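Here the structure is laid out as structure tokens; the discussion comes afterwards.
What you see is a predicted model; the values in this text were computed from it and never measured.
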Protein chains: 2
Amino acid sequence: MLPSSTVENYLKAIYLGEGYLAEGQRLMPMGQLAAALGVAPGTATTMVKALAESGLVEYEPYNGVRLSAAGEKLAALVLRRHRLIELFLVRVMGLGWDEVHDEAEQLEHHVSDRLIERIDEMLGRPEVDPHGDPIPGADGRVARHESDTLLTCPLGERVTVTRVTDQEAPFLRFIEQHHLMPGESIEVEARDEVSDSVRLKGRGNQRMTIGMRAASKVRVSASDASSRG
Amino acid sequence: MLPSSTVENYLKAIYLGEGYLAEGQRLMPMGQLAAALGVAPGTATTMVKALAESGLVEYEPYNGVRLSAAGEKLAALVLRRHRLIELFLVRVMGLGWDEVHDEAEQLEHHVSDRLIERIDEMLGRPEVDPHGDPIPGADGRVARHESDTLLTCPLGERVTVTRVTDQEAPFLRFIEQHHLMPGESIEVEARDEVSDSVRLKGRGNQRMTIGMRAASKVRVSASDASSRG
DNA sequence: GACCAAATTTTGAATGTCCAAAATTAAAGC
DNA sequence: GCTTTAATTTTGGACATTCAAAATTTGGTC
């Protein structure tokens, strides 16, 4: 029995919600899951119990839920479809990177393996989507390499934007307008806890100041010296 | 409230099932509808009553069902999406015309207006899909021009294939292999009721004989003299 | 005009997904 | 250790979609 859209969405939400606790015992609280999916808490409980029945998750009542190996693979494949579709919509269909998320959210559940393979081939087996998010392989494996954000990277060093971890259209448009998209080279000049802000030197040494919440959503890596002229 | 995939499929089935009775009072029998959708008869009855409630169809108990104006428009738009997607998959994605129907069957319910508009634009606002089926406009209007089939066209005259009205992959592959795809020029040499067969002269005057059922699924129009030399 | 077969509708029930509100449990403070 | 609060689960119910099987209607036939 192939998983419904709903099941795929639950698995994806758990998969994506796993960036918040130490290794090993990482369990997603039910409340967080319900909130992520926009359903009532009771609904999530019912659904998660069903998912546990079919072996896709491990459920610890009152504690939370975690993906099983099978569930994790399935979730990765959903994400693979999502991200390939996003990249396809931007590169081939010419849509804006701020408008492809919702479309992909729908299509990810209804595109055949055959078509996804065609898309992957047509795009040259890409490794990241337009937001810099890694695209899992057809086997469900992902190359996760840890990286800093604008909140954690060293001050006064040139870094390259690798990833923008917020899919909201207004935020993405802000990023685009300020030349903070993946690939751009920038530098963090200063951070100030009190004013909750981060000062940046961007393209053409243009200065800008953004809030810490926003800064935490921009991932960067040290600009590789070998990549410059 | 936007229509579910199920509702769209019911409307589409009624729309497509309307090629069998005289004008005006054309009603689709419930049994035929149920068969087209692959559901039990009782299921179709229940659903059609609900559709009648929401004004998408007119339902005459024990007689059958017909689309309302609203229902017809909606059905046409579903078909528009379906056919644009099919053409897109063939022309842009390079899939075979025998493998795009099922894919489109899924995607037609989940593609946004925005993306459909992009596809339409990218394909140059096409009028027919890969099978020669007309693509309704964004307003739901279709240019229906009547045409013959290989069963009804004049004998011994050159005609051009315009449309193949069976989406089954094996049939489409047969058509492709025998050069009977839309655009090909052919001639019906003879028909024989007793042997239930039709003899054709195809590309390069290649002879072939096909059954009457198959012949009825290939639509043709008189080859326009102005389109030669 | 009664009867039969075929088509159709009704009935009763199942599944998947959801909610609101009540009941329960866990955690934290005193 | 009791109590309050927050999180979670349970309960009872809704809605859309489906089925199988029983009941009904319709359209002929004799």
*Which pairs with one or both residues in residues 71-80 of chain B pass side chain to side chain donor-acceptor pair (under 3.5 Å), sequence neighbours excluded?*
B/R80-B/D120
*How would you list all residue pairs meeting side chain to side chain donor-acceptor pair (under 3.5 Å) that involve residues 42-58 of chain A, not counting sequence neighbours?*
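Sorted pair list: A/E58-A/R66.
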_I want to confirm an ordering. Mapping A/T6 and A/P61 to their closest nucleotides on DNA chain C, which one lands closer to the 5' end?_
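The answer here is A/T6.
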*Could you tell me which residues satisfy ring-ring contact (aromatic ring centres under 6.0 Å, His included) with B/F174, sequence neighbours excluded, listed by chain and number?*
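Only B/H178 meet the ring-ring contact (aromatic ring centres under 6.0 Å, His included) criterion with B/F174.
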*Those residues that, when tested against A/R191, pass salt bridge (Lys or Arg N to Asp or Glu O under 4.0 Å) (two or more places apart)*: none
*asked:* Once salt bridge (Lys or Arg N to Asp or Glu O under 4.0 Å) is applied, do any residues pair with A/E127, and if so which ones, sequence neighbours excluded?
replied: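 Salt bridge (Lys or Arg N to Asp or Glu O under 4.0 Å) check on A/E127 returns nothing, list empty.
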Can you check the [X] [atom1] to [N] [atom2] distance for me, whole Å?
{"X": "B/M1", "N": "D/dC15", "atom1": "CE", "atom2": "P", "result": "12 Å"}
{"X": "B/Y62", "N": "D/dT24", "atom1": "OH", "atom2": "P", "result": "9 Å"}
{"X": "B/L56", "N": "D/dA16", "atom1": "CG", "atom2": "C1'", "result": "15 Å"}
{"X": "B/L51", "N": "D/dA16", "atom1": "CG", "atom2": "C1'", "result": "12 Å"}
{"X": "A/Q32", "N": "D/dA6", "atom1": "CD", "atom2": "P", "result": "18 Å"}
{"X": "B/E53", "N": "D/dT17", "atom1": "CD", "atom2": "C1'", "result": "17 Å"}

*Keeping to residues at least two apart or across chains, list the salt bridge (charged side-chain N to carboxylate O under 4.0 Å, His left out) pairs with something in residues 131-141 of chain A.*
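For residues 131-141 of chain A: A/D133-A/R163.
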_I need the residues from residues 35-48 of chain B with at least one non-hydrogen atom less than 4.0 Å from DNA chain D; give them sorted by number, or say none._
B/G38, B/V39, B/A40, B/T43, B/M47
*chain B contact limits on DNA chain C, taken 5' to 3' with a cut-off of 4.0 angstrom to heavy atoms*: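 Endpoints of the contacted stretch of DNA chain C: C/dT8 to C/dT10.
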_From A/K217, A/R219, A/R213, A/R173, residue fulfilling salt bridge (charged side-chain N to carboxylate O under 4.0 Å, His left out) relative to A/D166_ = A/K217
*Return each pair, listed once, that meets ring pair (Phe, Tyr, Trp, His ring centres under 6.0 Å) where at least one residue sits in residues 91-141 of chain A; pairs must be two or more places apart or across chains.*
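Applying ring pair (Phe, Tyr, Trp, His ring centres under 6.0 Å) to every pair that reaches into residues 91-141 of chain A, excluding sequence neighbours, yields A/H82-A/H101, A/W97-A/H131, A/H110-B/H110.
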